[in-house]
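Single-structure report; data block below.
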Amino acid sequence: MNGQPGSFRRVLPVIEITLLVLALPLPWVLDEFWVLFATKICILALLALSFDLVWGYAGIMSFGQALFFGVAGYVTALLATKSGVTSIFVLMPTAAIVGLVLAFVVAVIVIFGKRIPSVIFVALGTLTGSYAVERLARGWSWVGGQNGISSLPRLTAGSFEIEEGMIFFYIALAILVVTYVLVRLLVRSQFGLVLTGIRQQEGRIAFFGYQIQSYKGVVFTLAGLIAGVSGGLFAFHEGFVGPGQLGPVLSTQVVLYVLFGGSGTLVGAVLGVGIIELISYALPQLSWLGESVTAFLETGWPIVLGLLLLGTVMFRPTGLIGLLVSDRERVGSFGRPGRDDNAAAKPGHEPA
Amino acid sequence: MNLLEVRGLTKVYGTLTALSGADMVVHDHEFHGLIGPNGSGKSTMLKCIAGAEMATSGTVSLSGRDITRSTPPERSRAGMSLKFQITAILPQLSVYDNLLLALQAHDTMFTLITSRSRRPLHDEVMELLTRFRLADRRDELAGYLSHGQQQWLEIAMALSRKPKLLLLDEPTAGMSPQERRATGDLLQPIKARCSLLIVEHDLDFIKDICDSLTVLDQGQVVASGATSDVQNDARVREAYLAHG
């Protein structure tokens, strides 16, 4: 880490633009299966962004992102199957609002309050909420019970039916890019400076007058909105929503995406989703490893992922992105002094 | 006029009474020193005043308003600011951003999201940096400053919101004699703007800059008044001599 601001290379924009440039032509060069796969990555990247926002920027360990993701998926699926609403312009805003409202309710319970909540309290609170709602969905026949809701109709835009494939990919990518840009603007704003302060010296900055709980609550609620949109898109892309999309397993998977890719950079979360999903898909296909190994990997690939997470946390806490991005760039710079200000910055007295 | 009024302040930790019925008054534009031997309750009293600890009993008033049960952000908004004993700057942020963070604290969330006060606050940041001799290091990470400069940065951060009362917990701890002198020089001009309550072990430093003193021993106030009167008080001499 270098103390001089001008001496570090700005790598993040290069990675971001490279990823976008690589993603844009994908539907033209990949076959249908891989286009569906890439769309799924775009949608899950939204979910990972929501977790990176809460953990990587506001220091909130949330095991409840799947709760907002899944409930938004269920609500939009129910609207489509029971009321016949299929318009993307109705269903996606609905998913966003469901995620936002639900996250706000959870924030009222576990974040807002007189005292700053501990990381463990919020982690257990969100985990419990996620688990409870998953159990509820499994036992509630009106929402399909164990089987969930399947055979969802396609999303529509006016009279146009949005098929899974190229169009769906570009819609998911567009939503991801817009969300990414907005979140990036937020975390590089003066608000983001407060989040950085919260992450580094939570107790200290309360003495400046910051209501830490309010900042955390707002970030948590916004992240709920993003997870909601992700859940809505996922349900209609897969044509199915089930209890597995609500529970702690998916929430933990999101933690893995972000920690593996590198938290607090946004692009690390996106990379994490891509790499983990590719590994998850590829592991059971590695026939050259021998029949017994392949048979083990067919069901045991989560163990490999678990070991991967363990290794990352122990040996590379900044994740994969930490190999490319310096700590200084990751934290960022928030003040923007103009050039003429150098005149005011005359060397002062140097203490002995 | 009384700015800070502490009445019957008591703090009990389990079976240990760290502070027992302490009274103290700090007036407007006054530099007030809080001294005492190790374990006398100085830092506990400062923490109870700042809101880092809740008093077991007693009252703390600022400008006549009872703030005994207020949270740290509420006290900050009432005009109180604190510099911790252990330097609590943000080491991974630049010196400039540390000050910006302190200065923008009372802006609305909407203003911060839209970064509307970044430009208007720039001149204030630069003025403070220049005053505290940090302007030429503004873009460096705060963690790279010398210990003395980190203390100055934290004092600048504590002063940035123009508080009525600044609480300083051992501001010269770990400083060289030159840095200590420079710190005294940096603090003197703020008397025109606010009052200062300072906890410090360096009695020479305290005598040089404080108008009045409160002396604690074993959690109780043994003397309070003008610096010249208190340093000649027999009970004060006894308290210090008894602790070597």
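The sequence lines fix the lettering, A, B, ..., with proteins before strands; numbering per chain opens at 1. Predicted, not measured: the structure shown is a model, and the values here were computed from it.
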- Message: At under 4.5 Å between heavy atoms, what parts of residues 193-207 of chain A are in contact with chain B? List them by residue number.
- Response: A/Leu193, A/Val194, A/Thr196, A/Gly197, A/Gln200, A/Gln201, A/Arg204, A/Ile205, A/Ala206, A/Phe207
Determine whether a donor-acceptor pair (N or O, by modelled atom type, separation under 3.5 Å) exists between the side chain of [X] and the backbone of [Y].
| X | Y | answer |
| --- | --- | --- |
| B/Arg69 | B/Ala55 | yes |
| A/Ser326 | A/Glu329 | yes |
| B/His29 | B/Lys191 | yes |

Select one option (side chain, backbone, both, neither) describing which atoms of [X] are under 4.5 Å from chain A's heavy atoms.
| X | answer |
| --- | --- |
| B/Ala52 | both |
| B/Leu129 | neither |
| B/Arg116 | backbone |
| B/Thr111 | backbone |
| B/Leu99 | neither |
| B/Ser94 | both |
| B/Met175 | neither |

- Task: For B/Leu19 and B/Gly41, work out which heavy atoms get closest and say how close.
- Result: CD1-O, 3.8 Å
- Taking all non-hydrogen atoms of both residues into account, name the closest pair between A/Phe121 and A/Pro117 and its distance. CD2-CB, 4.0 Å
Under 4.0 Å between a Lys/Arg side-chain N and an Asp/Glu carboxylate O for [X] and [Y]?
| X | Y | answer |
| --- | --- | --- |
| B/Glu5 | B/Arg7 | yes |
| B/Arg180 | B/Glu200 | no |
| A/Glu16 | A/Arg184 | yes |
| B/Glu74 | B/Arg77 | no |

So which residue, [options], ends up with the most heavy-atom pairs under 4.5 Å with chain A?
| options | answer |
| --- | --- |
| B/Pro163, B/Ala105, B/Ser160 | B/Ala105 |
| B/Met80, B/Met109, B/Arg75 | B/Met109 |
| B/His106, B/Glu127, B/Arg161 | B/His106 |

- Task: Applying ring pair (Phe, Tyr, Trp, His ring centres under 6.0 Å), name anything that partners A/Phe220, two or more places apart in sequence or on another chain.
- Result: A/Phe68
- Assess the pair A/Tyr257 and A/Phe51: is the distance between their ring centroids shorter than 6.0 Å? no
